[in-house]
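First listed ligand is number 1; within each ligand, the first listed atom is number 1.
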Amino acid sequence: MKIKFLGTGGAFEPTYGNSAAILEINQQNILIDAGFTIYPKLVQLDFWKIDYILLTHLHNDHCGSLANILLHSCFYANGRKLVILYQTETFRDQIKSFLNIQLKDVEKYAEFKPTTEIPGLFYLDTFNRHSEGFQTFSFIFEEAGERLVYSGDLRDCNFLFNHLSTLPSLPTQVYHDISFDSTNKGHAFYTDLIPYQAQFNILGYHCDPTQKPADNTIPLVYDQPDLRY
Ligand SMILES: [Zn+2]
Ligand SMILES: [Zn+2]
């Protein structure tokens, strides 16, 4: 398993790109999230070896350029429909309604398959734990005796870590959204993540790295050049 981020910023930090990543698992590339800076980033990299798209939620910094990415793949890249993986049928229908407004008939440009298509991909329903009444998900990937966790946007990091504690022990890398602003109620505040460092390797993303306070001990994806495009 290999992950490389296309952006590590928050919703209002386009300088760092919208948080999104390419995860390689079973020799296939999954694009995790497709915010409004991601299409230009893929064009800049000329990276179209995308097999699947997986969305944590439908906020614009996570799906804002999805329609463009689908169209580009059909018309300019390799002429094929990308596969959008869906966690639940309700979420699939939400993605479809969102895209149908933009694309008229989304089935012309994308295929939809359940996440069970990918062995070793699991999701955690984090509804209401990022934004009130809003559907969000975290992802857990397992391959070759390793586990990789992608929080998505999640205020309630205790929920995710409590779940991880119930799983069989495996070397685990957790990528968690992080906030350095205590008034931000949408993301995990860094002091809430720090206690879990005793048990888990954690890297933070979805932030402005220049706002990192001196007492923060969570390393940031932004500061790891190997983890970023
Ligand atoms: Zn976000
Ligand atoms: Zn969000």
Undergrad: Give a yes/no answer: is there an N/O/S atom of D61 under 2.8 Å from the Zn ion (ligand 1)?
TA: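 Here the distance criterion (N, O or S atom, under 2.8 Å) is met by D61, so yes.
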Undergrad: Got more than 12 heavy atoms from elsewhere within 6.0 Å of NZ, K81?
TA: yes
Undergrad: Strictly under 6.0 Å, is that where the ring centroids of F141 and Y175 end up?
TA: no
Undergrad: If we count only N and O atoms by modelled type, under 3.5 Å, do the side chains of Y86 and D93 hold a donor and an acceptor together?
TA: no
Undergrad: Do F180 and Y190 have their ring centres less than 6.0 Å from each other?
TA: yes
Undergrad: Below 30° counts as parallel, above 60° as perpendicular, anything between as tilted: where do the rings of Y196 and F161 land?
TA: parallel
Undergrad: Starting from the Zn ion (ligand 1), look over the N/O/S atoms of H206 and name the nearest one.
TA: NE2
Undergrad: Considering just N/O/S atoms, say which atom of D153 is closest to the Zn ion (ligand 2).
TA: OD2
Undergrad: Relative to the Zn ion (ligand 2), which of the N, O or S atoms in H59 is the closest?
TA: ND1
Undergrad: Of the backbone and side-chain N, O or S atoms of H130, does one lie nearer to the Zn ion (ligand 2) than 2.8 Å?
TA: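 For H130, the answer is yes, given that an N, O or S atom comes within less than 2.8 Å of the Zn ion (ligand 2).
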Undergrad: Kindly confirm whether the Zn ion (ligand 1) is within less than 2.8 Å of some N/O/S atom in H62?
TA: yes
